[in-house]
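Order of listing sets the numbers, starting from 1, for every ligand and every atom in it. Since the model is a prediction, treat every value here as computed from it, not as a measurement. If you read the sequence from its start, that first residue is 1, and numbering goes on from there.
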Amino acid sequence: KPLITINDIGRKYVIGAEVIHALKSVSLTINKGEFVALMGPSGSGKSTLMNILGCLDTPTKGEYILNGINVSHMSDNELAEVRNSEIGFVFQTFNLLPRSTALDNVALPLIYAGINKIKRTERATNALKNVGLGNRVDHKPNELSGGQRQRVAVARALINDPSIILADEPTGNLDTKTSIEIMGLIEDIHAKGNTIILVTHEEDIALHAHRIVRMRDGLIEKDYKNTEIQTVS
Ligand code: ADP
Ligand code: ADP
């Protein structure tokens, strides 16, 4: 049974007299455990699609079924609930709270989930250990390297055991060596059975994924199995 089914979705923006079809007609099925890279030129609709997949936005036509839930016509509050339980986000800019420690950043989603402080600390500490940051729990983002910040963000994305991880250019702000390190971490997470959708414009980063979806002008141009998978050894 697919984890994600999107059926002929569209997203248009109406600005005054102008109508922009950011997504024209996109259909996509993603099963549990897939590792998909989403590629395409600037303006092709990747962010619009990721926003919809991440329940930050809804399509203006078509249907999106996530883990059996039809989220196509939900209110903002309903979407927020689905987001909290189903989606883990990793961004290019890390999006960490600058004044909070690594531990507090990772534990934040658990506050929204109503988990008590002792459990939060325990789970966040474990999550940080799992990304190799067991000795950095009390550090603030500006006391961590770019790669360590992204590890904190990955730990935070995983803390609620989401059904999908959406990573939007997660290596976009990292040097080559650190990018490879973060891709190794993402591979490990995938190997544990997680479903990952990764936006990247770098071909060598996309080669870590098992499936590549290429967009152009609000449509899927190509959707194929990656036969030359690259792994971080
Ligand atoms: P209106 O906005 O005037 O109510 P519709 O949106 O229903 O009209 O449809 C106008 C045309 O645009 C139709 O051909 C429809 O298939 C297409 N269309 C509607 N929504 C989208 C969308 N989000 N993306 C791409 N095409 C769309
Ligand atoms: P990509 O992420 O591939 O660069 P986007 O999804 O950001 O593409 O954009 C697709 C198209 O939709 C572009 O033409 C863009 O200008 C337009 N667009 C995106 N977001 C908005 C918005 N909030 N309002 C109006 N147009 C938008």
Exercise. So, do His190 and His208 have ring centers that fall under 6.0 Å from each other?
Worked result: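 No; His208 has its ring centre 6.0 Å or more from that of His190.
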Exercise. For atom 23 (N) of ligand 2, which protein heavy atom lies nearest, and how many Å away is it?
Worked result: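 For atom 23 (N) of ligand 2, the nearest protein heavy atom comes out as Tyr13 CE2, 3.5 Å.
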Exercise. Any idea which protein heavy atom is nearest atom 8 (O) of ligand 2, and the distance to it?
Worked result: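 Result for atom 8 (O) of ligand 2: Gly45 N, 3.1 Å.
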For this session: Pick whichever of Ser44, Gly40, Ser47, Ala22 has a heavy atom sitting closest to atom 12 (O) of ligand 2.
Result: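 Answer by nearest heavy atom: Ala22.
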Problem set entry | Option set Thr48, Asn51, Leu23, Asp168, criterion heavy-atom distance to atom 5 (P) of ligand 2, minimum |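 Looking at heavy atoms only, the winner is Thr48.
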Problem set entry | Pair Ile69-Met74, side-chain contact (heavy atoms from CB on, under 4.5 Å): steps then yes or no | CA-CA 10 Å; Ile69 312 162; Met74 281 188 167; 3.6 Å; yes
Exercise. Can you find a protein heavy atom closer to atom 2 (O) of ligand 2 than 4.0 Å?
Worked result: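 It does: a protein heavy atom is found less than 4.0 Å away from atom 2 (O) of ligand 2.
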Problem set entry | Flag: protein heavy atom within less than 4.0 Å of atom 19 (C) of ligand 2 |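 Neighbour list for atom 19 (C) of ligand 2 includes protein heavy atoms (cut-off 4.0 Å).
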Exercise. Which atoms of ligand 2 have any heavy atom of Pro41 under 4.0 Å away?
Worked result: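 Near Pro41, meaning under 4.0 Å from one of its heavy atoms, ligand 2 has 3 (O).
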Exercise. What atoms of ligand 2 come closer than 4.0 angstrom to any heavy atom of Lys46?
Worked result: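 Close to Lys46: 1 (P), 2 (O), 3 (O), 4 (O), 6 (O), 8 (O).
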Exercise. Between the side chain of Asn194 and the main-chain N/O of Ile189, is any donor-acceptor distance below 3.5 Å?
Worked result: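 Side chain of Asn194 to backbone of Ile189, a donor-acceptor pair under 3.5 Å: yes, one is there.
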Could you list the donor-acceptor pairs under 3.5 angstrom formed by side chains in residues 108-118, with sequence neighbours left out?
{"from": "Asn116", "atom 1": "OD1", "to": "Ile118", "atom 2": "N", "distance (Å)": "3.1"}
{"from": "Asn116", "atom 1": "OD1", "to": "Lys119", "atom 2": "N", "distance (Å)": "2.9"}

Problem set entry | Carboxylate-amine/guanidinium proximity below 4.0 Å for Asp217 and Lys24 |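 No.
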Which atom pairs, one a donor and one an acceptor, fall under 3.5 Å between side chains of residues 87-100 and the rest of the protein, sequence neighbours left out?
{"from": "Thr93", "atom 1": "OG1", "to": "Asn95", "atom 2": "OD1", "distance (Å)": "2.7"}

Problem set entry | Ile15 contact mode with ligand 2 (heavy-atom cut-off under 4.0 Å) |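 The answer is the side chain of Ile15.
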Exercise. What about Ile20: any of its N or O atoms under 3.5 Å from an N or O on ligand 2?
Worked result: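 Among all N and O atoms of Ile20, none is under 3.5 Å from an N or O of ligand 2.
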For this session: Could you tell me whether Gly43 and ligand 2 have an N or O pair separated by under 3.5 Å?
Result: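 Yes; the residue has a nitrogen or oxygen that sits under 3.5 Å from a nitrogen or oxygen of the ligand.
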Problem set entry | From Asp57, Leu49, Asn51, residue fulfilling side chain to side chain contact (heavy atoms under 4.5 Å, CB included) relative to Leu53 |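 Among the candidates, only Leu49 passes.
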For this session: Compute whether any side-chain donor of one residue and acceptor of the other, for Glu86 and Ser163, lie under 3.5 angstrom apart.
Result: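 Checked: Glu86/Ser163 side chains pair up, N/O donor to acceptor below 3.5 Å.
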